[in-house]
Enquirer: 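The structure that follows is given in the form of structure tokens.
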Amino acid sequence: MDRTHGIIRHIRSLTPDDRKLKIMNVCGSHEHTIAFSGMRSLMPENLEIIPGPGCPVCVCPESDIIHAIDLSNRDDVILVTYGDMLRVPSVKGSIRAQGKNYKMVSSPFEAISIAHSNPDKKIVFFSIGFETTTAPTAAILETGVPDNFFVLSSHRLTPAIMEVLVKDADIGIDGFIAPGHVSAIVGADAWNVFSEKYGIPTVVAGFQADNLMLGIAEILGQLKSGKITTGNVYAGVVRPEGNLQAQKIMDKFFEVSDVNWRAIGHIPGSGLELRDEYSGRDAKKAFDLEEVKESKIPGCICGTIILGKAYPSACRLFRKACTPKTPKGPCMVSMEGACNIWFKSNLSRQDDITGAVS
Amino acid sequence: MCLAVPMKIVKKDGFSASAEADGVFMEVNLRLLDDARIGDYVLVHAGFAIEKVDEHEAEETLKMMEEIAGLNEKNEVR
């Protein structure tokens, strides 16, 4: 406890009196620790810790969810995906409510087993997530998959969305806490663009409250000294270059593509699709899936929350029409979604993010 | 989605390994980390070892934390 108090005192001593600072986390697990530890209530008044785009379930395009529902309703298909994806709302409902043949997995290996035990069916693995989760999907492709196995790729690239955030003057981010396990794959050096090109301190942190606060202290220290660089307080796991073996396998199967982010829109170079050589495994090509235009969820401000322009409690649906049992928007579904985390940790704020535009 | 847990590798056969944490054993694939050895602590995500845990570096971070926490106590005395 002494150590925690010491770090908090250090954070207080580094926070300026005369201006507000905004530090954003871009990882649902970070937001989880921040919310459940009560850390925000211990931070100085001039320091805001903002949840950013750290929830892949939240940003998965509605179009992909509709495709997943449609595929699961075909008699020749079993749709396989991670648990949270089954409950994400779309204009057609969720996979769980409107789908027919679907199964939940916690590892892509289970999807392969399902393919082997159902040789007369086509198995579509609805593969979503940031770099951490892309790597295992690439690894099963490297291992070799049966002919009845297809990938519906909805993978997204973390640095690409962060670059959108820094270019948006409405947000005004002073520092990034970089996601620990994405960094384990891509390496701490992947964030150099933010410190070097945009002058925004970016520090890789782990998932314990003390470690996250150490990361926050490092960002504040850099802002105070003016020496901006990429920091890493999760060096027990994250190397500067990351996991090169994983990067090589991902690069073999996936290529960067221009994709949509739910409630945010089209972002060039921010997603991953299977390379042409592996198009036979690509569900979008095998089943001729055409992009469906996104519908608007009345009252939902998930997009604004994901971009760090509003706290969940600023949404008029939050805790009222929208709860984890009755999610109206995608941010209320997953335990990595800011709305779900704020609901479950009983977080709420009277005020909103400084300069919020929602 | 990016949840990962540290586990110790107790058995290895090619890309297949068995890993243990708190008495729980799990099959772990080493396709993304084939130089992991028996006795190594690795971070496991979705059934795959994604990175080794470097105990020395982890201790350095702890030391950094203690220093920062302690540094301020010294300032207070002053």
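On a predicted model such as this, the values are computed, not experimentally measured, just so you know. In what follows, chains are A, B, ... by sequence order, proteins preceding strands, each numbered from 1.
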Enquirer: What distance do B/I68 atom CD1 and A/L14 atom CG have between them, rounded to the nearest 0.5 Å?
Expert: 8.0 Å
Enquirer: Tell me, yes or no, whether the heavy-atom count around B/D13 atom CG, taken from other residues, nucleotides or ligands under 6.0 Å, exceeds 12.
Expert: no
Enquirer: So which part of A/M213 gets closer than 4.5 Å to some heavy atom of chain B, the side chain, the backbone, both or neither?
Expert: neither
Enquirer: Using 0.5 Å steps for rounding, measure from the CG atom of A/L214 to the CE atom of B/M64.
Expert: 5.5 Å
Enquirer: Rounded to the nearest 0.5 Å, what separates atom OG1 in A/T143 from atom CG in B/N29?
Expert: 5.5 Å
Enquirer: Taking side chain as everything from C-beta outward and backbone as N, CA, C, O, which of these in A/V105 sits under 4.5 Å from a heavy atom of chain B? Side chain, backbone, both or neither.
Expert: neither
Enquirer: So how far is it from B/E66 CD to A/D2 CG, rounded to the nearest 0.5 Å?
Expert: 9.5 Å
Enquirer: More than 12 foreign heavy atoms under 6.0 Å from CZ of A/F149: is that the case here?
Expert: yes
Enquirer: For A/K103, is the NZ atom crowded, meaning more than 12 foreign heavy atoms sit under 6.0 Å from it?
Expert: no
Enquirer: With a 3.5 Å distance limit and no angle check, can you tell me whether A/N243 reaches the backbone of B/I50 through a side-chain donor-acceptor pair?
Expert: yes
Enquirer: Could you tell me whether A/M104 atom CE has more than 12 heavy atoms of other residues or ligands within 6.0 Å of it?
Expert: no
Enquirer: At a heavy-atom separation under 4.5 Å, does A/I7 approach chain B through its side chain, its backbone, both, or neither?
Expert: both
Enquirer: Begin with the C-alpha distance, continue with both residues' side-chain angles, and end with the deciding distance and a verdict on side chain to side chain contact (heavy atoms under 4.5 Å, CB included) for B/E51 and A/V238.
Expert: CA-CA 8 Å; B/E51 190 52 286; A/V238 175; over 6 Å; no
Enquirer: Quick one, B/L62 with A/R3, criterion side chain to side chain contact (heavy atoms under 4.5 Å, CB included). Give me CA distance, side-chain angles, the key distance, then yes/no.
Expert: CA-CA 10 Å; B/L62 274 181; A/R3 189 173 72 194; 3.4 Å; yes
Enquirer: State the CD-CZ distance between B/E27 and A/F109, to the nearest 0.5 angstrom.
Expert: 10.5 Å
Enquirer: Tell me which of these, A/P136, A/P108, A/A138, has more heavy-atom pairs under 4.5 Å with chain B than the rest.
Expert: A/P136
Enquirer: Check each atom of B/L43 against the heavy atoms of chain A and say whether the ones under 4.5 Å are side chain, backbone, both or neither.
Expert: side chain
Enquirer: How about CD on B/E60, more than 12 heavy atoms from neighbouring residues, nucleotides or ligands closer than 6.0 Å, or not?
Expert: yes
Enquirer: Is there a side-chain contact between B/D54 and A/V237, using heavy atoms and a 4.5 Å cut-off?
Expert: no
Enquirer: Treating A/Q245 as the side-chain partner and B/D34 as the backbone partner, does any N or O pair qualify as donor plus acceptor under 3.5 Å?
Expert: yes
Enquirer: As an exercise: rank A/R239, A/K248, A/Q247 by heavy-atom pairs under 4.5 Å with chain B and give me the winner.
Expert: A/R239
Enquirer: Hey, which of B/E55, B/H56, B/E57, B/R31 has the most heavy atom pairs under 4.5 Å with chain A?
Expert: B/R31
Enquirer: Calculate, to the nearest 0.5 Å, the distance between atoms OG1 and NE2 belonging to A/T133 and B/H45 respectively.
Expert: 3.5 Å
